[in-house]
Protein chains: 2
Amino acid sequence: MAETMRRKARLSAEERRALLEDAACACIARGGIRDFTVDKVVAEAGVSRGLITHHFGSMDGLLVAVYTRMYRDWLAVMEEPRPGLSRIEAMVEALVSPALFDREVVNIWLTLWGEIANNPVLRDTHRALYGDYRAAIMTALEEAAQANGREIDAETVATAFICLVDGFGVQRCVEPALLSEEKARAACWAFLRPHIGDQVGAAR
Amino acid sequence: MAETMRRKARLSAEERRALLEDAACACIARGGIRDFTVDKVVAEAGVSRGLITHHFGSMDGLLVAVYTRMYRDWLAVMEEPRPGLSRIEAMVEALVSPALFDREVVNIWLTLWGEIANNPVLRDTHRALYGDYRAAIMTALEEAAQANGREIDAETVATAFICLVDGFGVQRCVEPALLSEEKARAACWAFLRPHIGDQVGAAR
DNA sequence: GCTGATACTATACAGTTGTTCAGCAAGGAA
DNA sequence: TTCCTTGCTGAACAACTGTATAGTATCAGC
């Protein structure tokens with residue numbers, strides 16, 4: 001901020017990587033996979049063309065890094081404990097919170113899904129990470145069901161719940177006006193309650 | 001088939017357009033938006049490079065045509081009446097039928113969503129068509145609810161249901177093994193029953 | 001100071017992108 | 001037959017794609 005000098009700072013590899021991932025996210029958020037190009041990312045980051053190859057080996061490498069970061073951030077918000085809320089309640093609130101429900105964030109996810117579906121490198125990365133997300137949701141579901149003395153097929157319910165949430169993402173990208181935060185929250189509970197019971201937490 | 005002559009046939013504009021849309025679908029199904037290029041589409045169709053511009057004006061024009069056709073086909077299968085089933089039952093069966101649940105079909109949809117989110121031309125096309133889909137689902141929901149003497153906020157339920165179905169698409173593209181036809185059908189009914197009641201049709 | 005490692009730039013490269021356009025050829029109308 | 005419309009080709013175009021690489025600048029350890 002107080003940096004009046006415009007000289008290019010020499011950053012650590014880690015810092016520069018993070019900066020390039022930021023720039024890549026900004027580009028993808030703005031224009032999807034078509035804006036994920038060398039020229040656009042380096043222009044956004046304000047660095048030279050060679051840096052992407054230098055730090056990530058290739059554009060695929062950068063995309064993998066973007067996916068990994070998005071995934072890590074997503075999971076962190078999902079698992080953030082919220083005072084007075086049960087695990088599953090906290091997750092639902094996280095899902096409709098500005099940090100995750102944001103259209104730009106979700107546009108990046110939509111783009112990444114498209115890549116996972118068609119790019120083997122991304123697919124491998126996804127396979128390696130995705131299990132944690134499923135596991136976290138299953139645990140929260142089992143916890144809630146148990147609190148209500150219910151039996152639950154956590155795997156099946158989790159799969160369907162993830163579909164619902166992914167569908168929110170699609171909807172937010174394609175026609176944001178039709179799906180408000182409140183509607184999404186209501187839809188989550190309408191879907192979950194029949195499976196995990198009415199009393200889903202201390203505060204509800 | 002019995003055409004031994006390899007001479008290029010001169011087709012009507014309509015026939016050739018359909019052929020190019022077919023080719024474009026095949027390319028997108030195979031590799032997403034990155035395989036939707038002039039060279040790949042014309043190679044798939046076995047025609048010269050100039051033909052796309054000639055018939056569709058631009059690649060955007062072809063993509064709009066692909067979206068329009070996908071949309072029309074989708075809606076046709078959804079609204080196909082099935083003997084012994086109510087409207088909503090027929091729709092759920094359509095959704096998990098090979099014609100719509102197919103991974104290639106759904107990969108095209110995922111690609112199109114990505115484009116709708118970021119390409120103004122596609123977005124306009126989507127806006128112009130999407131209402132019919134929502135309306136069809138709302139009507140089917142209201143019909144089912146009424147048959148059970150239930151009140152229903154068809155718009156809200158339809159929105160959430162569409163999200164669930166879109167999420168199936170994402171899941172089928174990203175990790176097909178996790179979501180079988182049976183699981184999808186079960187998830188649909190688990191979601192719908194609390195809203196429209198238990199007796200959802202003559203055959204159930 | 002010197003030295004080696006490495007963050008970083010800038011250019012060059014071959015291949016691909018979408019679009020334009022001049023011209024060919026098939027088929028109907030006269 | 002002689003037109004004219006139009007489906008269709010193939011080459012040419014400038015802009016852009018990702019990557020390789022030679023060279024420069026900066027830092028840490030000595």
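Below, read A as the first sequence line, B as the second, and so on, with proteins coming before strands; counting in each chain starts at 1.
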Any salt bridge linking [X] with [Y]? Criterion: basic side-chain nitrogen under 4.0 Å from a carboxylate oxygen.
X        : Y         : result
Glu79(B) : Arg87(B)  : no
Arg72(A) : Asp132(A) : no
Glu44(A) : Lys40(A)  : no

When the distance from [atom1] of [X] to [atom2] of [N] is rounded to whole Å, what number comes out?
X        : N       : atom1 : atom2 : value
Glu15(B) : dG27(C) : CD    : P     : 12 Å
Leu62(A) : dT17(D) : CG    : P     : 14 Å
Leu19(B) : dG7(D)  : CG    : P     : 14 Å
Lys40(A) : dA15(D) : NZ    : P     : 15 Å
Glu14(A) : dC8(C)  : CD    : P     : 13 Å
Asp39(B) : dG18(C) : CG    : P     : 7 Å

Please state whether the base of dT19(D) and the side chain of Arg49(A) form at least one donor-acceptor pair under 3.5 Å?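 Looking at the base of dT19(D), it does pair with a donor or acceptor on the side chain of Arg49(A) (distance under 3.5 Å).
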Quiz item: Arg10(B) side-chain donor-acceptor pair to dT6(D) base, under 3.5 Å: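 Such a pair exists between side chain and base.
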With Glu142(A), which residues qualify under side chain to side chain contact (heavy atoms under 4.5 Å, CB included), at least two apart?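 Counting only residues at least two positions away or on another chain, Glu142(A) forms a side chain to side chain contact (heavy atoms under 4.5 Å, CB included) with Ile152(A), Ala154(A).
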Looking at dC8(D), dG18(D), dT17(C), which one has an atom nearest to any side-chain atom of Val38(A)?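 Of dC8(D), dG18(D), dT17(C), dG18(D) is nearest to the side chain of Val38(A).
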Fit a plane to each ring of His195(A) and Phe191(A), take the angle between them on a 0 to 90° scale, and name the class: parallel (under 30°), tilted (30 to 60°) or perpendicular (over 60°).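 Correct class here is tilted.
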Step through it carefully: locate the ring centre of Trp109(B), locate the ring centre of Trp74(B), and say whether they are under 6.0 Å apart.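 Between Trp74(B) and Trp109(B), which both carry aromatic rings, the centre distance is below 6.0 Å.
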Between residues 51-61 of chain B and DNA chain D, which residues have a heavy-atom gap below 4.0 Å?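 The answer is Leu51(B), His54(B), His55(B).
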